Amino acid sequence: MLLYASSLLRPGREPLLEPALWIQGDLLRHVGPRSDLPAAARESSILDLSGHVLSPGLVNAHCHLELTALEDIPYPGDFVAWIAAVLEAKSKLDFAAQCASLREGIRRSLQGGATTVGDHLSANAALEILLDAPLRGKAFVEVLGVVPEIAATLWQAAAGLRQEYSSSRMEIIPSPHSVHALDPEVLEKVLKQDLSVFSIHLAESEAEYAYFATHSGPLQDFIAGRGQARRRSQPSSIAELNAKGLLSGKILAVHGNYLSEAEINQLAQKQISLVHCPLSHRYFSHRRFPLESVRRHGLNLALGTDSLASAGSLSMLEVLRAMREEFPELSPEEIFYMATLGGAKALKLENQIGELVPGKKADLIAVPQGQGEEPLAALLKAEAVSWGMVEGNAVDLEWNQPSRRS
Ligand SMILES: [Zn+2]
């Protein structure tokens with residue numbers, strides 16, 4: 001098909017005006033001015049989205065779509081009490097409620113501009129729902145448990161899901177939830193799998209910092225209360241990964257709010273990407289995210305929403321606006337890059353997505369563009385996308401189909 005629009009956003013480059021995109025199957029064949037269209041393309045059916053700006057589909061590099069139903073849990077005052085509240089609220093969802101929660105998370109993600117996600121989900125989640133959804137990305141099946149037997153059981157369950165299901169759009173990856181929430185031996189086994197990327201919550205909270213550095217504080221007490229009082233031997237989660245030889249470019253570091261300058265340098269040396277979730281960061285009132293240091297060391301930065309248990313929205317459009325507010329020193333173009341190519345690199349999908357160029361996947365979104373309005377300004381003010389496409393297929397923005405299992 002042929003797609004026309006008023007403009008097309010390109011990470012790291014000026015927008016293209018009056019673009020024509022020739023899509024064949026799931027791929028972009030030609031992207032350029034209408035005047036440059038190859039003759040063969042002129043045979044295709046045309047969708048004219050004049051009055052709209054096209055953008056690569058946004059990458060939500062960190063979310064927990066299964067937790068969408070937990071949007072109303074009140075903040076109990078500190079991070080560890082929040083973890084306990086989330087676990088309790090989650091345990092009260094029956095299977096039907098869990099399915100509805102995941103479906104609603106997918107629907108809101110699509111409306112908010114994401115076509116690719118790095119989604120954390122439990123080993124007992126209804127994975128088929130995510131695989132059926134018009135989303136690309138990585139399904140990080142969380143391996144966690146501070147008691148070795150529990151950790152080993154969840155590790156087997158996660159590995160079983162990877163064996164049972166396959167999807168060309170959504171790679172299933174057993175991945176540690178975090179270093180502190182996983183038995184050290186199982187952590188090592190999980191990270192030794194020969195897979196593309198592992199998404200791990202790292203240096204997220206002050207409580208995590210104290211747990212590793214001083215073996216004290218609310219997270220230490222919480223973990224001891226769950227049956228494992230063993231002290232970690234290294235002063236931080238990054239240090240533990242490094243000491244075990246597990247700190248590699250296959251790690252996707254999520255949050256990193258409490259990284260030291262030296263650790264940020266270490267991540268940069270290993271070419272590890274970092275995901276910042278501005279809405280969730282604001283919810284917890286963490287210390288200022290170390291943006292300056294991240295930029296100084298050249299770390300690739302991606303953006304995410306996190307879950308509705310700690311963020312007010314699953315919309316990447318909302319995340320772009322939150323970034324504008326949190327870091328007025330960043331240009332809109334830099335923020336747009338983080339939500340497109342930055343996210344694609346973080347999820348090791350930059351060969352397929354992140355920008356609309358020939359040979360990459362036809363994953364894109366459109367938002368209205370007013371007369372004389374700058375294309376990126378139009379994206380930054382959009383409340384929702386008006387059209388989307390994943391792998392060459394138009395997306396139903398009200399997607400909510402029942403799963404095969406429920
Ligand atoms: Zn998270």
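Computed from heavy atoms alone, side chains included, the values below leave out hydrogens, waters and symmetry copies. Since this is a predicted model, take the numbers as computed values, not measurements.
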Taking atom types as modelled and ignoring hydrogens, do the side chains of E261 and S293 form a donor-acceptor contact shorter than 3.5 angstrom?
yes
Whether the side chain of N60 engages the backbone of T305 through a donor-acceptor N/O pair (distance < 3.5 Å, no angle test) should be reported.
yes
Assess, by modelled atom type and distance only, whether the side chains of E334 and S331 contain a donor and an acceptor separated by less than 3.5 Å.
yes
Nearest heavy-atom contact between P56 and L9 is CD-O, 3.4 Å
L219 pairs by side-chain contact (heavy atoms from CB on, under 4.5 Å) with which of Y209, F212, F79, Y211?
Y211
Hey, mind stepping through N124 and F95 against side-chain contact (heavy atoms from CB on, under 4.5 Å) and telling me if it holds?
CA-CA 9 Å; N124 65 356; F95 189 68; over 6 Å; no
Have H62 and D306 got a donor and an acceptor in their side chains that come within less than 3.5 Å?
yes
Whether the side chain of R287 engages the backbone of N257 through a donor-acceptor N/O pair (distance < 3.5 Å, no angle test) should be reported.
yes
Among E318, E326, E325, salt bridge (Lys or Arg N to Asp or Glu O under 4.0 Å) partner for R282
E325
Expected output: side-chain S101 to main-chain T68 donor-acceptor under 3.5 Å:
yes
Taking atom types as modelled, find out whether Q111 and E398 have a side-chain donor-acceptor pair closer than 3.5 angstrom.
yes
Would you check if there is a donor-acceptor pair between the side chains of E18 and S6 at a distance under 3.5 Å?
no
Does any non-hydrogen side-chain atom of M389 lie less than 4.5 Å from one of D363?
no
Before accepting this row, confirm whether a basic side-chain N of the pair K345/E350 lies closer than 4.0 Å to the acidic partner's carboxylate O.
no
A quick test of your reading: do over 12 heavy atoms of other residues, nucleotides or ligands sit less than 6.0 Å from CD of E374?
no
Any donor-acceptor N or O pair under 3.5 Å, side chains E263, S236
yes
So H52 and V367, do their side chains get closer than 4.5 Å, heavy atoms only?
no
Please report the shortest heavy-atom distance between A253 and L267, naming the atom on each side.
CB-CD1, 4.2 Å
Can you measure from CG (L317) to CG (L58) and round to the nearest 0.5 angstrom?
6.0 Å
Whether over 12 other heavy atoms sit under 6.0 Å from R13 CZ:
no
Within the structure provided, determine whether V141 and W155 are in side-chain contact (heavy-atom separation under 4.5 Å).
no
Quick one, V197 and I173 - any side-chain contact, counting heavy atoms below 4.5 Å?
yes
Centre-to-centre under 6.0 Å for H281 and H255, is that the case here?
no
Verify whether one side chain among T340 and E355 offers a donor that lies under 3.5 Å from an acceptor in the other.
no
Verify, without hydrogens or angle tests, whether R169 (side chain) and L135 (backbone) share a donor-acceptor contact under 3.5 angstrom.
yes
So with a 6.0 Å cut-off around CZ of R226, is the heavy-atom count from everything else above 12?
no
Around atom CD of E329, are there more than 12 heavy atoms from other residues, nucleotides or ligands closer than 6.0 Å?
yes
Measure the CD-CG distance between Q269 and N265 for me, rounded to the nearest 0.5 Å.
5.0 Å
Could you tell me whether K189 and E185 have a side-chain N and a carboxylate O separated by less than 4.0 Å?
no
Heavy-atom donor-acceptor pair, K348 side chain to S196 backbone, under 3.5 Å
no
Minimal non-hydrogen separation, A366 against L54, with atom names
CB-CD2, 3.8 Å
Would the H201 and H177 ring centres measure less than 6.0 Å apart?
yes
On a heavy-atom basis, which atom in A151 and which in D183 lie closest, and how many Å separate them?
CB-CB, 3.9 Å
Reported OG-to-CG distance for the pair S386 and L49, which is rounded to 0.5 angstrom
7.5 Å
Is there a donor-acceptor contact under 3.5 Å from the side chain of Q98 to the main chain of L93?
yes
Strictly distance-based, threshold 3.5 Å: is any side-chain N or O of S91 a donor or acceptor partner for the main-chain N or O of E88?
yes
Going by distance alone, is a donor N or O of one side chain under 3.5 Å from an acceptor N or O of the other, for H120 and S199?
yes
Crowding at CD, E206 (>12 non-hydrogen neighbours, <6.0 Å):
no
Can you measure from OH (Y4) to CD1 (I46) and round to the nearest 0.5 angstrom?
4.0 Å
Atom OG of S273 and atom CG of L252: how far apart are they, to the nearest 0.5 Å?
6.5 Å
Side chains of Y258 and E208: do they bring a donor and an acceptor to under 3.5 Å?
no
With ring centroids as reference points, do Y283 and Y75 lie under 6.0 angstrom apart?
yes
E204-S178 side chain donor-acceptor pair, cut-off 3.5 Å:
no
Show the numbers, then the answer: is there a salt bridge (charged side-chain N to carboxylate O under 4.0 Å, His left out) between R108 and E104?
CA-CA 6 Å; R108 293 196 198 186; E104 178 63 11; 2.8 Å; yes
Donor + acceptor pair across side chains of E142, S175 (<3.5 Å):
no
So does E292 have more than 12 non-hydrogen atoms from other groups sitting under 6.0 Å from CD?
yes
Pair I172, L131 - check side-chain contact (heavy atoms from CB on, under 4.5 Å), show working.
CA-CA 9 Å; I172 300 159; L131 301 182; 4.2 Å; yes
Side-chain donor/acceptor of W82 to backbone N/O of A309, under 3.5 Å
yes
Working to the nearest 0.5 angstrom, can you tell me the gap between R34 CZ and L17 CG?
11.0 Å
L308 versus L67: any side-chain heavy-atom pair under 4.5 Å?
no
Is the side chain of E373 donor-acceptor paired with the backbone N or O of G370 at a distance under 3.5 Å, no angle test?
yes
Does the structure place the NZ or CZ of R29 under 6.0 Å from the centre of the six-membered ring of W22, at an angle of no more than 45° from the ring's axis?
yes
Any side-chain donor near an acceptor of the partner, K361 and T115, under 3.5 Å
no
Which pair of non-hydrogen atoms, one from C63 and one from D119, has the smallest distance, and what is that distance?
O-OD1, 3.1 Å
Taking everything shown except K250 itself, do over 12 heavy atoms lie less than 6.0 Å from its NZ?
yes
Counting N and O atoms only, with roles assigned by atom type, does the side chain of K244 sit under 3.5 Å from a partner on the main chain of L187, one being a donor and the other an acceptor?
no
Ignoring hydrogens, what is the shortest heavy-atom contact between L65 and S109? Give both atom names and the distance.
CD2-OG, 3.3 Å
Can you tell if the side chain of V390 reaches within under 4.5 Å of the side chain of L364, non-hydrogen atoms only?
no
One pair to check against side-chain contact (heavy atoms from CB on, under 4.5 Å): L299 and I264. What are the steps and the verdict?
CA-CA 8 Å; L299 213 59; I264 290 171; 4.2 Å; yes
Trace of the side-chain contact (heavy atoms from CB on, under 4.5 Å) decision for R232 with I223
CA-CA 11 Å; R232 311 301 282 224; I223 288 174; over 6 Å; no
